[in-house]
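Working notes, structure below.
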Amino acid sequence: MAQIAITDAAYTYPGQRQAALAGATLAAEAGEFVVVCGPSGSGKSTLLKLLKPDLLPAGRLTGAVRFNGSPLASFRPLELSQRIGMVMQNPESQIVMERVMEELTFSLENVGVAPMHMRKRVAEIAQLFDLEPLLARPTLELSGGQRQLINLAAVLVLQPEVLLLDEPTAELDPVAAREFLQLVRRVNEEFGITVIVTEHRMEEVWPLADRIVIVQDGRVTAQGTPAELARTDDPAAAAFLPEAGKLFRALGIGGAPFLRAKEARQALRAHLGAPPAAADGGARGAADRRSRGRTAPELHADDVWFRYGKAAPILRGVSLDVAAGELLVLFGANGSGKSTLLQALCGLLPVQSGQVAFAGKPLKRIDERERYVRIGYLAQNPLLHFLGETVETELRTAAARAHSLGLPAAEDQLLAPFAAAGLLQRHPYDLSGGERQQLALSGILATQPKLLLLDEPTKGLDPEAKRALAVRLRAECDKGGAIVMASHDVEFAAAHATRCAMLFDGLIVADAEPAAFFSGNYFYTTAVNRLIREWQPNAITVKDVIGACAPAFSS
């Protein structure tokens, strides 16, 4: 008997005509690690929320949802809150208390755990997660990775039987994301907690999963072990393969040796032989060499400093140039100052020392109305951009704003993609994470800005949505626009950026074209580069490797 059984579930959000789920069926055995993949808006998050009814609005639900063989509705809410825990995408969305210790005890107090048992549980979870140095810290001072770790600990302190995670690493840097997911896998293996996770970081979750489930248009369309789905011809499953899987399929290597890095390297050695001796000079030193020959900068930042209140400076002399036609992706750990820098570059935060210039003119001397038109800024949280009650209202307002500024805006073109997806009458807050990103960006582009500053725009996007975003950004660059994008998405940057930079300790410490940048990094690099760098140090994408290695595989 499955521990979790969702059978032919259909769910429609309040006030909506189109169902978010249309007959979805999912089962999970006790102790299983299940990864749910699918396009943005396919119903993945809604599927998880069926198991947490307190998070689901009072829409129309049909079908059966059972837990340990009994209807979910037969359990008391207090009992369910202990037995089924959930960690959501935004690390800030679950934290309610001012200090870490208070956050860990909050859920225990709510379910009536005795103080003596409460202290024991908190002590145990704090030691397991190495949280003791953080217990007295204010939660507002924690990094995104630390906050998400606290969210996980606050759920696990209740000792649940099932752990649901809805894109839990969306806002984490690559190192923090890897550590978080490995910790989840440890909890699954050592304590037998069933894990069901939605995630877009395929490189990290496929090797951890017992089973992969593909959701499309509100239905489960494919499922199986990672090895089974890697061998299938189903294009939907193939779209969610990790990059190493796509590489091995493209090169015609049979089986599925790529699911773990160790086995993937062994397969490469079998086909390519021993790696050649490293050449002098090489790509590892190239990451510090800045690309040359760019045109005059559209954006120029010189020795920019910024601090919040009396805290230590978060920007400590940042200098940066971005030319028209460039897509610069800015990397850095959570809390390194990427979002702060973007806000300083568009004038939302006044720099305290140094200067920012746009199109050769100091930013502070540009009229606010002109700055608003020519510089577009997408916040990390797209909900900050929405005021309307429906998607249609947001888009028509964006078009009207452009018209009021004397700019042409084709309202029908703005509406068309969202109309085709049946989203026009949805409230922006009811969209998936990826759909919110696309809506916010559409509103920003209505004013045809010459400089785009984007904070984590690929967060929550499925592979096809990322490709569509890349086409959109390339079109802006081709028209002479300049783009600075803060991101943790190394695969997207490797495929589409013209330059990459690293922010560390308040400074830009590396700035290079993608091949040089990633081939010189150990953690901030692509999965393909980690696998192939001994043979092809500059290869960072599947396309790079196929071009360089295909003859060796065909011999």
May I have the step-by-step check of salt bridge (charged side-chain N to carboxylate O under 4.0 Å, His left out) for Lys466 and Asp489, ending in yes or no? CA-CA 10 Å; Lys466 287 184 183 181; Asp489 195 335; 2.6 Å; yes

Verify whether the ring centers belonging to Phe517 and Phe331 lie closer than 6.0 Å.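 Yes, they do, as the ring centres are separated by less than 6.0 Å.
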
Run the ring-ring contact (aromatic ring centres under 6.0 Å, His included) test against Phe492 and tell me which residues pass, sequence neighbours left out.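 In terms of ring-ring contact (aromatic ring centres under 6.0 Å, His included), with neighbours along the sequence ignored, Phe492 is linked to His496.
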
Please identify each residue that fulfils ring-ring contact (aromatic ring centres under 6.0 Å, His included) with Phe67, with sequence neighbours left out.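 Testing Phe67 for ring-ring contact (aromatic ring centres under 6.0 Å, His included), a comparison that skips the adjacent residues, returns Phe75.
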
Please collect all side chain to side chain donor-acceptor pair (under 3.5 Å) contacts where either partner lies in residues 468-485, sequence neighbours excluded, each pair once.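 Sorted pair list: Ser442-Arg472, Glu476-Lys479.
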
Salt bridge (Lys or Arg N to Asp or Glu O under 4.0 Å): which pairs involve residues 233-243, sequence neighbours left out?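 Listed by first then second residue: Glu243-Lys246.
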
Just wondering, are more than 12 heavy atoms of other shown residues or ligands nearer than 6.0 Å to CD in Glu124?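 Result for CD/Glu124: open.
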
Apply side-chain hydrogen bond (donor to acceptor under 3.5 Å, both in side chains) to Asn529 and Thr526, showing your working. CA-CA 5 Å; Asn529 183 255; Thr526 64; 5.4 Å; no

Taking only residues at least two apart or on different chains, which pairs with a member in residues 156-202 satisfy ring-ring contact (aromatic ring centres under 6.0 Å, His included)?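 Those involving residues 156-202 do not exist here.
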
Just how far is it from atom CG of Leu473 to atom CD1 of Ile483, taken to the nearest 0.5 Å?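 Taking CG in Leu473 and CD1 in Ile483, the distance rounds to 4.5 Å.
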
Could you go through Asp173 and His488, starting from their C-alpha distance and side-chain angles, then the distance that decides it, and tell me whether this counts as side-chain hydrogen bond (donor to acceptor under 3.5 Å, both in side chains)? CA-CA 5 Å; Asp173 64 71; His488 297 308; 5.4 Å; no

Sequence-distant partners of Lys459, salt bridge (charged side-chain N to carboxylate O under 4.0 Å, His left out), two or more places apart: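 Once residues adjacent in sequence are excluded, the partners of Lys459 under the salt bridge (charged side-chain N to carboxylate O under 4.0 Å, His left out) criterion are Glu171.
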
Go through it in stages, so that I can follow the logic: the residues are Thr194 and Glu161, the test is side-chain hydrogen bond (donor to acceptor under 3.5 Å, both in side chains), and I'd like the CA-CA distance, side-chain angles, deciding distance and then a yes or no. CA-CA 6 Å; Thr194 304; Glu161 299 169 41; over 6 Å; no

